[in-house]
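We number each residue from 1, following the sequence as shown.
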Amino acid sequence: MECFNILVWNCRGAGNDNFKRNFRDITNQHKPEVVALLKTKVELKSMGMFFKHLGFTAATHVDPNGRAGGLWILWDPLKVSLNTTHKTSQVIHTTVCKDNFDEWIFSAVYASPNPRVREILWEELGHQAANTQIPWLLAGDFNDTTSFEESKSSAPDTSSS
């Protein structure tokens, strides 16, 4: 069975030498065909040649607002085809085509830490789910938890007071 490798990384900043070294090592080892980078904190144009040298010559992106956020999807168009269908500051939706695979949807998410803004994302994702008839991979950082137990804090528990 043929594999399809995707890297989704909340890199928390993509403009430094540490990121570049780690990105090169990860992509050399795992050979992803599609890469989603979240919370890049820099504009894609500042990194374009770096990615092109590694074979990621196509991209769709939402640049950060100042040094907050940033969402990029990179790929090698000789291996896979992506078509951006919709993008906002919190999500990029793409349709993915590759030989020997059925068409499917890939959505990369970097949700706002602001609950009010994040609620807009959840509404959009609900609409997308209701209107999607093909396989859909939704991946990223949702900046949310499913339960209180998922949260970590060094602050004392004040939930009983």
Side-chain angles (χ1 to χ4, degrees), residues 1-115 117-122 124-125 128-129 132 134-145 150 152:
M1 181 175 195
E2 192 174 354
C3 291
F4 193 111
N5 291 337
I6 299 174
L7 169 64
V8 179
W9 184 9
N10 184 347
C11 59
R12 298 185 184 121
N16 59 60
D17 291 338
N18 192 36
F19 165 81
K20 290 177 183 177
R21 182 178 51 257
N22 288 326
F23 185 85
R24 191 177 295 111
D25 290 347
I26 290 168
T27 56
N28 284 338
Q29 182 177 356
H30 297 286
K31 312 240 182 291
E33 293 155 291
V34 175
V35 174
L37 297 173
L38 321 171
K39 200 173 181 181
T40 61
K41 297 185 179 184
V42 296
E43 293 183 2
L44 179 61
K45 68 181 179 183
S46 70
M47 297 285 294
M49 291 308 295
F50 170 76
F51 294 123
K52 286 180 182 177
H53 287 301
L54 294 173
F56 298 101
T57 58
T60 185
H61 69 286
V62 177
D63 279 329
N65 184 3
R67 298 239 334 127
L71 183 58
W72 306 342
I73 300 178
L74 315 164
W75 67 95
D76 178 348
L78 299 175
K79 296 178 182 176
V80 62
S81 173
L82 272 73
N83 180 41
T84 304
T85 56
H86 183 70
K87 59 184 174 178
T88 70
S89 63
Q90 298 187 90
V91 65
I92 299 176
H93 297 289
T94 64
T95 303
V96 181
C97 299
K98 181 182 173 183
D99 291 342
N100 303 319
F101 286 85
D102 291 336
E103 184 178 87
W104 55 283
I105 297 170
F106 173 56
S107 299
V109 173
Y110 181 69
S112 172
N114 180 321
V117 176
R118 191 171 54 239
E119 185 60 34
I120 296 167
L121 170 69
W122 285 110
E124 180 187 330
L125 295 177
Q128 175 81 23
T132 297
I134 61 176
W136 180 25
L137 173 62
L138 179 63
D141 183 345
F142 293 84
N143 271 315
D144 208 350
T145 57
E150 286 185 7
K152 289 184 181 179

Could you measure the distance from the CZ atom of F19 to the CG atom of L37? Nearest 0.5 Å is fine. 4.5 Å
List for me each residue that meets side chain to side chain contact (heavy atoms under 4.5 Å, CB included) alongside A58, sequence neighbours excluded, and say none if there are none. W75, P77
About how many Å separate CG of N65 and NZ of K41, when rounded to the nearest 0.5 Å? 13.5 Å
Determine yes or no for a side-chain-to-main-chain donor-acceptor pair under 3.5 angstrom, with D63 supplying the side chain and L44 the backbone. yes
Calculate, to the nearest 0.5 Å, the distance between atoms CG and CZ belonging to D76 and F56 respectively. 7.5 Å
Heavy-atom distance under 4.5 Å between the side chains of I134 and D102, does that happen here? no
Residue pair L82 / V34, side-chain heavy-atom distance below 4.5 Å: yes
Partners meeting ring pair (Phe, Tyr, Trp, His ring centres under 6.0 Å) with F4 (sequence neighbours left out): F101, W104
Under the salt bridge (charged side-chain N to carboxylate O under 4.0 Å, His left out) rule, what pairs show up with a residue in residues 103-112, not counting sequence neighbours? none
Partner set under side chain to side chain contact (heavy atoms under 4.5 Å, CB included) for D99, not counting sequence neighbours: none
Residues in side chain to side chain contact (heavy atoms under 4.5 Å, CB included) contact with S81, at least two apart in sequence or another chain: C97
Hey, what do you get for CG (L71) to NZ (K39), rounding to the nearest 0.5 Å? 13.0 Å
So which heavy atom on V91 is nearest to which on E124, and how close? CG1-OE2, 3.3 Å
With sequence neighbours left out, what residues match E43 under salt bridge (Lys or Arg N to Asp or Glu O under 4.0 Å)? K45
Would the number of heavy atoms belonging to other residues, nucleotides or ligands and lying under 6.0 Å from CG of N114 be above 12? yes
Identify, with sequence neighbours excluded, every residue that meets salt bridge (Lys or Arg N to Asp or Glu O under 4.0 Å) alongside K87. none
With side chain to side chain contact (heavy atoms under 4.5 Å, CB included) as the test, pick out the partner of I73 among T94, V35, V96. T94
For S112, give me all partners under side-chain hydrogen bond (donor to acceptor under 3.5 Å, both in side chains), at least two apart in sequence or on another chain. none
Taking the side chain as everything from C-beta on, heavy atoms only, tell me whether T88 gets closer than 4.5 Å to H86. yes
Got a second to check how far I26's CD1 is from L7's CG, nearest 0.5 Å? 6.0 Å
Could I get the full list of ring pair (Phe, Tyr, Trp, His ring centres under 6.0 Å) partners for W136, not counting sequence neighbours? none
Among all residues two or more places apart in sequence or in another chain, which pass the ring pair (Phe, Tyr, Trp, His ring centres under 6.0 Å) test with F106? none
Qualifying side-chain hydrogen bond (donor to acceptor under 3.5 Å, both in side chains) pairs with a residue from residues 14-28, counting only residues at least two apart or across chains: N18-R21, N18-N22
Partner set under side chain to side chain contact (heavy atoms under 4.5 Å, CB included) for T85, not counting sequence neighbours: N83, H93, T95
Given side chains that start at C-beta, do those of V42 and W72 come closer than 4.5 Å, heavy atoms only? yes
Mind checking whether Y110 and T40 have side chains closer than 4.5 Å, heavy atoms only? no
May I ask you to decide if N143's main-chain N or O and R118's side chain share a donor-acceptor pair within less than 3.5 Å? yes
